[in-house]
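All values derive from a computational prediction rather than experimental measurement. Chain naming here is simple, since letters A, B, ... match the order of the sequence lines and numbering starts at 1 in each.
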Number of protein chains: 2
Amino acid sequence: MGIAERREKEKIELRALVLSAAKKLFVTKGIEHTTIRNIAEAIDYSVGTVYVYFKDKNAIFHALHSQGFNELGQQLALLMAVENPMERVKALGRVYINFAKANADMYSLMFSQPAPIDYLEEEHADEWKEGVLAFNVLKGTLAQCIEQGYFKGHTLEPLTYMFWSAVHGMCALYISERAKGVNLTDPNTIVERGYEEFLKIIGE
Amino acid sequence: MGIAERREKEKIELRALVLSAAKKLFVTKGIEHTTIRNIAEAIDYSVGTVYVYFKDKNAIFHALHSQGFNELGQQLALLMAVENPMERVKALGRVYINFAKANADMYSLMFSQPAPIDYLEEEHADEWKEGVLAFNVLKGTLAQCIEQGYFKGHTLEPLTYMFWSAVHGMCALYISERAKGVNLTDPNTIVERGYEEFLKIIGE
DNA sequence: AAATTTAATGAACAAGGTTCAGAGGGCAAA
DNA sequence: TTTGCCCTCTGAACCTTGTTCATTAAATTT
């Protein structure tokens, strides 16, 4: 059955091709300004072909969305090698920030409102696997910190949420350019400097 | 000159009518899924009329955007009455969170990526007045806290950015429903509980 | 009453998402 | 080899949306 296999492989490859072209376009022109025709042209296939591999534009978006979370998740997972949990939380934040800044468009794609929600609502509601995974890595690490006597008097879940929010908030404001609008002395490093402040505060 | 005045008043009123219809639609159906025709129908005017009052859809968006920031700004400004700066920062966060939760759609409209940027880039770049104002209220208050001996060893600007980010991040994640996806025990109160954790941490 | 200014209209256009009947090429059975 | 089936790929065609503009109609001024 070599032929069927080859065909299957070709299908997977073409699907991946669509995805990579879409990613490049989404990232450079923005999702709204990327047309299916653009994507088709970029890979030298017709419009219809794109629809053979994806139900609609939203499905393309969602595929990339997952991809982004997987990449981020992998990077965060690597830090499980750091023994000291307090060091690990700190590192988690840094890696997260680096990811967000290095993949700014991917990041805003991952967290931008409209599209993913549409998709999530349909039926894939509570199965946002990648996100849950990343959240639990952080939660687990903070749990260990608490065990070791850090964060006395704190409650795990809200603490985790707050930590994630602080880091996410800094990245989001940076990426949405709101930081620039506000006339900072050095907008480019504000996330890192903000994070340092955060670490100072949680380090007692 | 009573006639000219009346006309002027009518123009302003119709403009406001467009705006309020647009707001309602943006908020219920989302910006992308609201069409100019929808707005026109809602107010029983023709499509063309909408364009008499607004250059394009983006201009409508921007007007609402400003409106949102003005409302938020006003609520925050009220807190200047609180003497103690440390109490004031805490209150600023609470009011901000209440605003975000009570006006969830308006908030996501205010901070959602695409549209405002388009507009900002054109020429209104560094004149994002409302945002700067709100940021400076927070910054000023934190400056007073530092004067009074709080936040030793911290730098004002990154500290302000971090504070804003933490609160914004919690609101943003809550509103984008990312909080739900992550299986929290009580998603509805997570922002408030997260904020309490934050206050605990900054209160040493 | 006529002329002028102004606001409102909606048909028309361009561009984008999506569909679907059909072309074309490989593959297996005859 | 030839025939017919099965898939993939195609792109014209449809519908919706943002946007424009010549035209209509009403109000105001002369």
K.L.:
Does the ring center of A:Tyr161 lie less than 6.0 Å from the ring center of A:Phe135?
P.N.:
no

K.L.:
Knowing that exactly one of B:Val137, B:Leu142, B:Val82 qualifies, which makes a side chain to side chain contact (heavy atoms under 4.5 Å, CB included) with B:Leu92?
P.N.:
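Answer to the side chain to side chain contact (heavy atoms under 4.5 Å, CB included) test with B:Leu92 among B:Val137, B:Leu142, B:Val82: B:Val137.
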
K.L.:
Determine whether the aromatic ring centres of A:Tyr53 and A:Tyr45 lie less than 6.0 Å apart.
P.N.:
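They do not qualify: ring centres at least 6.0 Å apart.
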
K.L.:
Go along nucleotides 8-18 of chain D 5' to 3' and tag each nucleotide: B for a protein heavy atom under 4.0 Å from its base, S when only backbone or sugar atoms are that close, - otherwise.
P.N.:
SSBB-B---BB

K.L.:
Find the distance B:Arg15:CZ to C:dT6:P and express it as a whole number of Å.
P.N.:
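So the two atoms are 19 Å apart, to the nearest Å.
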
K.L.:
Does a side-chain heavy-atom distance below 4.5 Å link B:Leu133 with B:Phe69?
P.N.:
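The answer is no, as the side chains (C-beta and beyond) never meet within the 4.5 Å cut-off.
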
K.L.:
With sequence neighbours excluded, tell me which residues meet salt bridge (Lys or Arg N to Asp or Glu O under 4.0 Å) with B:Glu87.
P.N.:
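So B:Glu87 forms no salt bridge (Lys or Arg N to Asp or Glu O under 4.0 Å) with any residue.
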
K.L.:
Measure the distance from CG on A:Asn58 to P on C:dG16 and round it to the nearest whole Å.
P.N.:
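Rounding to the nearest Å, CG of A:Asn58 and P of C:dG16 are 18 Å apart.
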
K.L.:
Please identify each residue that fulfils salt bridge (Lys or Arg N to Asp or Glu O under 4.0 Å) with A:Glu41, with sequence neighbours left out.
P.N.:
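Counting only residues at least two positions away or on another chain, A:Glu41 forms no salt bridge (Lys or Arg N to Asp or Glu O under 4.0 Å).
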
K.L.:
Starting at atom NZ of B:Lys9, determine the distance to atom C1' of C:dA7, rounded to an integer number of angstrom.
P.N.:
18 Å

K.L.:
OP1, OP2 of D:dC7 versus side-chain N and O of A:Arg6: anything below 4.0 Å?
P.N.:
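Answer no for this pair, as no side-chain N or O of A:Arg6 is under 4.0 Å from OP1 or OP2.
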
K.L.:
Expressed in angstrom and rounded to an integer, what is the separation of A:Ile39 atom CD1 from C:dT18 atom P?
P.N.:
10 Å

K.L.:
Over how many whole Å does the gap from A:Glu5 atom CD to C:dC27 atom P extend?
P.N.:
14 Å

